[in-house]
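Structure record follows, encoded as structure tokens.
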Amino acid sequence: MISRKPALREVYVWQLPVRIFHWVNAFTITVLIVTGFIIGDPPAIMHGTAPEFNYWFGWVRLAHFIAAFIFVINLLVRIYWAFAGNVFARWNNFIPLTRKQINGIFETIKVDVLLLTPKPVYDIGHNSLAAFTYFGLLLVSIVQIVTGFAMFSASSNAWYAPYFEDLLISMNGFFPVRNIHHILMWFFVLFVIVHVYLVFYHDYIERNGVASSMIGGWKFINDKVVEQFLSEEKENERLEVDRKIEQSELKEDINA
Amino acid sequence: MDTKNKTFYQELMEKGYSRRDFLKFCGLVGGMLGLQSTGVAQIIDALQTKPRKPVIWEHFQECTCCSESFLRASHPLVGQILLEMISLDYSDTLMAASGEQAEAVRAESMKNNYGKYILIVEGSVPLGSPGYCTIAGRSAKQVFDESAAGAEAIIAWGNCASSGCIQHARPNPTKTEPVHKIFSGKPVINVQGCPPIADVMAGVITYILTFERLPELDNMGRPKVFYGRRVHDTCYRRPAYDAGLFVQSFDDENAKKGYCLYYMGCKGPNTFNSCAVIKWNNCVSYPIQSGHGCIGCSEPNFWDYAPLYSHIPNVHGIGIEATSDKIGAALSAVTLGGVLVHAVVTNIQKRKLIKNQMDDISINTEEYERQKARMERERERIANQESRIDNESEKTN
């Protein structure tokens, strides 16, 4: 038996709402892609009965619409959680604004995509490149939601339907909107392939339990990485306190 | 006798139509516009008392199928609108006069009715070269600008004038543009279709004459009353769609049974028009009823979403004609291949890491040092600021 005892620490990374979001998102995207393909290119199913005895294509469309609504609500909850959740769920993970994040993107490309060095990049939450692609996924999702609702509105009586129908017609009608919706669907297919592969990849070489972390929320992180993270966090907090003190002093000065 | 100020009703009586014909026509138009019985009375009143509208009808890049559609209208009097109800002063296809005479009539009518006439445009206006469409020695653009200057409103009649139709399709060799792209400042009504249904045109003109305002338009400038619903939602084959019963080829059993043509590329689900309600050729039929899918002729740029017999259009600009599905599948295959190669290279490049032979699992120490130095600088800066503030406050005290 081969075994060793590395200096690892358990870190609670993914909170429950993040995990629920992930699996609901995975499920709805799967349903949306499958039903979307059927709606776009229906299979040749022959019936012996007349139209009034069948409704299967209607059910497929209904499944697509229900999945779409769950997808939207799920995404809204996640956007809320990007402001309410822990440090790994926060919005600023996903938009590379700091030098550290930008460096992280290049570092990850060098180490994990181009495989130029054997050393790994250690991150507790998302790595900078992954987080940035999730931001791209968010943008594509928004376009899919808008184009989807625009097309849905033509056969809906909901209060928001007239606005989306106006939008549909402003975008030159069904032809381009349908095409955009169909082409961007492929982005999700490509994303899923790469995403699932990278989970295997990271779990294989880093062995930090990234696959099971999306079920239980805990990851195994090297002690040094955790300590570095905590010390950075402490520094940041201290800086924040300093700034607050400075500001209050300034105010006092002005009052005096 | 002053023929210009005659009403539509007077004109019909002179032609030998009965009052019954006239009332039937008013009822038909009222029904199409969705008016109540009082609305129909308003139409009757307007057609009996108001002088006909002067109209200038310009033809640019087009095939005249719009005019042809008019001449095959459902009710005989709908076709008569063209000739009787509106006072058609200039139409280079239909008028008997030609050459100098015809142009003189046009100029005179435009002068006399300045600001009052309706300009009907059939065809798109090529901007590439005047040689593409020249009438009486002037380019289409010049002719259009002249006519548009004195018009009360412009009706873009047909897909050419509304969105360019086939001559506007990629790559648009004549650089042609629809009316609303080259003109603004006056209301433009887009009566879409290739050709549009004649009754729609009759309805729009009757509406303008009766209520003296334009009908309600959607964001593409189409009258909502005729273009508010999709062909798909009013199609009699819709139950077959919901049941998933599709024609798989034009000669199969399902085609005989009259099932849904969606699989054959029917663009009914993409198209706002009233073909399935008003129908064509004296309300006899419409494309889907005769077994062929809708081609979406009342939607802008419908030619660019070829082929007509597929729902998923070709993607342009990559050299070969390919549907997005083929490209997507190819990209997926490439990605899968890439992922496999990556997995193999990972095993080679990171073998030490995988076999746990790296002595030091180095965390990114350089980055950590940089970060620390940056924070130190920040702290110093703040400390400096504080001391400066202290000094200043001492001075003021």
Side-chain angles (χ1 to χ4, degrees), chain A residues 4 6 40-42 44-47 51-58 60-61 100 103 107 113 115-122 154-155 166 169-170 172-176 178-179 182-183 185-186 189-190 193-194 197 200-201 204-205 222 224-225 228 232 235 239 242-243 246 249-250 253 256, chain B residues 218-220 230 233 239-246 248 254 259 262-263 269-272 296 299-302 304-305 311-313 315 324-325 327-328 331-332 335-336 339 342-343 345-346 349-354 356 358 361-364 367-368 371-372 375 378-379 382 385-386 389 393:
Chain A
R4 67 189 274 265
D41 193 9
I45 295 177
M46 298 290 190
H47 302 287
E52 58 266 34
F53 297 106
N54 292 292
Y55 199 68
W56 79 261
F57 201 63
V60 171
R61 291 174 65 242
K100 198 184 166 197
N103 284 345
E107 191 74 2
V113 181
L115 302 168
L116 292 178
T117 68
K119 76 156 196 184
V121 181
Y122 286 111
S155 51
D166 284 351
I169 289 169
S170 311
N172 264 349
F174 268 98
F175 282 81
R178 199 173 183 285
N179 209 17
H182 189 89
I183 289 169
M185 180 274 299
W186 280 103
V189 176
L190 298 179
I193 295 171
V194 175
Y197 167 71
F200 281 81
Y201 166 86
Y204 180 55
I205 62 160
N222 186 289
K224 279 188 196 169
V225 179
Q228 184 194 347
E232 270 176 30
E235 288 260 11
L239 271 179
D242 283 1
R243 273 205 199 99
E246 187 199 347
E249 275 176 1
L250 268 174
D253 284 348
Chain B
D218 69 12
N219 282 3
M220 267 191 233
R230 294 183 295 172
D233 293 328
Y241 172 84
D242 286 331
L245 293 166
F246 300 112
Q248 305 287 327
N254 288 0
Y259 288 161
Y262 177 75
Y263 186 81
N270 302 5
T271 307
F272 288 91
E299 292 292 319
N301 308 327
F302 73 102
D304 286 336
Y305 294 87
H311 252 293
I312 295 148
V315 177
S324 48
D325 277 351
I327 295 169
L331 278 179
S332 302
T335 312
L336 269 175
V339 154
H342 192 272
V345 178
T346 301
Q349 284 286 81
K350 308 227 175 200
R351 60 191 181 279
K352 280 191 175 172
L353 182 68
I354 293 160
N356 225 347
M358 275 175 84
I361 300 176
S362 59
I363 55 171
N364 208 341
E367 172 59 28
Y368 178 52
Q371 181 85 1
K372 226 164 101 178
M375 282 185 175
E378 183 81 347
R379 282 174 67 76
I382 290 165
Q385 228 168 10
E386 272 171 14
I389 289 162
S393 55

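Chain letters run A, B, ... following the sequence lines, proteins first, then strands; residues in each count from 1.
Between chain B and the residues A/E235, A/E52, A/R178, the largest count of heavy-atom pairs under 4.5 Å involves A/R178. For the options A/R243, A/M185, A/E249, A/R61, heavy-atom pairs under 4.5 Å to chain B are most numerous at A/R61. Top candidate by heavy-atom pairs under 4.5 Å with chain A, chosen from B/V345, B/L245, B/D218, is B/L245. Among the candidates B/G244, B/A240, B/P239, B/G296, the residue making the largest number of heavy-atom pairs closer than 4.5 Å to chain A is B/G244. Considering only heavy-atom pairs separated by less than 4.5 Å from chain B, the leading option among A/L250, A/I193, A/L239 is A/I193.
Within the 3.5 Å criterion, the main-chain N or O of A/V113 finds a donor-acceptor partner in the side chain of B/H342. Here the side chain of A/N222 pairs a donor or acceptor atom with the backbone of A/K224 at under 3.5 angstrom. A donor-acceptor contact shorter than 3.5 Å is absent between the side chain of B/E299 and the backbone of B/T271. Side-chain N or O atoms of A/Y197 include one that pairs as donor or acceptor with a backbone N or O of B/A343 at under 3.5 Å.
Using a 4.5 Å cut-off on side-chain heavy atoms (C-beta onward), B/D242 and A/F57 make no contact. Put simply, the side chain of A/P176 reaches to within 4.5 Å of the side chain of B/Y305, judged on heavy atoms. The side-chain heavy atoms of A/W186 and B/S332, taken from C-beta on, include a pair separated by under 4.5 Å.
Contacts of B/Q248 with chain A are made by side-chain atoms alone, with heavy-atom separations under 4.5 Å and no backbone atom involved. Looking at A/Y201, only its side chain comes within 4.5 Å of chain B, counting heavy atoms on both sides. Heavy atoms of A/D166 lying under 4.5 Å from chain B belong to its backbone as well as its side chain. At a 4.5 Å heavy-atom cutoff, the contact between B/I382 and chain A is made by side-chain atoms alone. The parts of B/D325 that come within reach of chain A are both its backbone and its side chain, each placing non-hydrogen atoms under 4.5 angstrom from that chain. For B/Y262, the part sitting under 4.5 Å from any heavy atom of chain A is the side chain, from C-beta outward, and nothing else.
Using a 4.0 Å cut-off between charged nitrogen and carboxylate oxygen, A/E232 and A/K100 count as a salt-bridge pair.
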